[in-house]
Amino acid sequence: MVFKSQMNQALEEARAAAGRGEVPVGAVIVAPDGRVVASAGNRTRELNDPTAHAEILAIRAACAAAGSERLSGHDLYVTLEPCPMCAAAIAFARIERLYYGASDPKSGGVAHGPQVFDHAQTHHVPEVYDGLAAEDSAALLRAFFGARRGKGTTPGA
């Protein structure tokens, strides 16, 4: 199968999240046959749920569609480096490949912070590819937080 990035769809989910007043992070899960089986944007405020990160919501939807708690062979595209909670969920779900956009030195859990996949207790480690559409992802975040501080463009713009 030819590689086809789904980062543009993840960015659309991130823009939609920003439009809802959520931190603009979007995620897309692709099945082994190349079909998009789930996509989501952050909904922590809307759902009053601190676990409603884009990755978690997409994993839940993909698992429900698959009828399994495991997503072997699936790929996850996300606009921001997953936090430690999401990195652990990615490992538990047995995601095959993780593609992410912007790095998150403050709250990341893959290349920064606790580096979840580097621990011996992590039973499954996905292939990790970073930097896909990193500047577009980072620009969304900068605009969102800049607007909240009164210094940027409109969120999601």
Side-chain angles (χ1 to χ4, degrees), residues 3-31 34-66 69 71 74-117 126-157:
F3 173 77
K4 180 182 179 203
S5 174
Q6 296 297 331
M7 194 57 80
N8 282 337
Q9 186 174 348
L11 284 163
E12 285 303 315
E13 290 288 348
R15 288 182 191 100
R20 295 188 302 272
E22 301 278 357
V23 174
V25 177
V28 175
I29 297 182
V30 179
R35 287 178 304 114
V36 171
V37 294
S39 62
N42 276 356
R43 292 186 179 273
T44 58
R45 290 177 177 205
E46 177 184 344
L47 299 175
N48 298 309
D49 179 355
T51 69
H53 290 197
E55 301 96 318
I56 299 293
L57 296 173
I59 288 170
R60 288 176 184 162
C63 286
E69 77 281 9
L71 297 171
H74 288 66
D75 296 342
L76 170 63
Y77 293 83
V78 63
T79 57
L80 182 65
E81 176 184 349
C83 73
M85 173 185 70
C86 292
I90 290 164
F92 288 133
R94 306 297 196 267
I95 297 283
E96 189 76 22
R97 284 169 291 277
L98 166 64
Y99 300 92
Y100 70 85
S103 293
D104 189 355
K106 180 182 173 201
S107 301
V110 176
H112 298 90
Q115 300 175 349
V116 171
F117 301 139
E127 295 174 32
V128 177
Y129 302 92
D130 63 351
L132 271 73
E135 185 50 41
D136 291 337
S137 299
L140 275 174
L141 291 159
R142 280 192 304 271
F144 177 81
F145 288 111
R148 292 180 63 88
R149 293 182 195 105
K151 302 184 219 169
T153 61
T154 304

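Quantities reported herein were computed from a predicted structural model and do not represent experimental measurements.
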Could you report the tightest heavy-atom contact between Pro84 and Ser107, atom names first, then the distance? CD-O, 3.4 Å
Apply the test side-chain contact (heavy atoms from CB on, under 4.5 Å) to residues Leu98 and Phe117: give CA-CA distance (whole Å), side-chain angles for both, the deciding distance (0.1 Å), then the verdict. CA-CA 11 Å; Leu98 166 64; Phe117 301 139; 3.9 Å; yes
Under a 4.0 Å N-O cut-off, is there an ion pair linking Glu81 with Lys106? no
Quick one: are Cys63 and Leu71 in side-chain contact, heavy atoms under 4.5 Å? yes
Decide side-chain contact (heavy atoms from CB on, under 4.5 Å) for Tyr129 and Arg97; before the verdict, give the C-alpha distance in whole Å, the side-chain angles of both, and the deciding distance to 0.1 Å. CA-CA 8 Å; Tyr129 302 92; Arg97 284 169 291 277; 4.1 Å; yes
To the nearest 0.5 Å, how far apart are CG in Asp130 and CG in Asp104? 12.5 Å
Min side-chain heavy-atom separation Pro24-Asn42 under 4.5 Å: no
Working to the nearest 0.5 Å, report the span between OG1 of Thr79 and CG of Leu140. 7.0 Å
What closest approach, in Å, do Arg148 and Gly21 show between heavy atoms, and which atom pair accounts for it? NH1-O, 4.4 Å
Spacing of Arg20 atom CZ and Thr44 atom OG1 [to the nearest 0.5 Å]: 10.0 Å
Quick check for you: to the nearest 0.5 Å, what is the distance between Glu13 atom CD and Arg43 atom CZ? 7.5 Å
Over 12 non-hydrogen atoms of neighbours within 6.0 angstrom of CG in Asn8: no
Return the minimal non-hydrogen interatomic distance between Leu80 and Glu55, and the atom names on each side. O-OE2, 4.1 Å
Mind checking the CD1-CD1 spacing from Ile29 to Ile95? Nearest 0.5 Å is all I need. 4.5 Å
Specify the closest pair of heavy atoms between Pro82 and Ala87, including all atoms of both residues, with the distance to one decimal. CB-N, 4.1 Å
Which heavy-atom pair separates Gln9 from Val36 by the least distance, and what is that distance? OE1-CG2, 3.7 Å
Between the main-chain N or O of Ala18 and the side-chain N or O of Glu22, is there a donor-acceptor pair closer than 3.5 Å? no
Separation of Glu69 CD from Arg94 CZ (nearest 0.5 Å): 8.5 Å
Any side-chain heavy atom of Val25 sitting closer than 4.5 Å to one from His53? no
Shortest non-hydrogen contact from Arg60 to Thr51? NH2-OG1, 3.2 Å
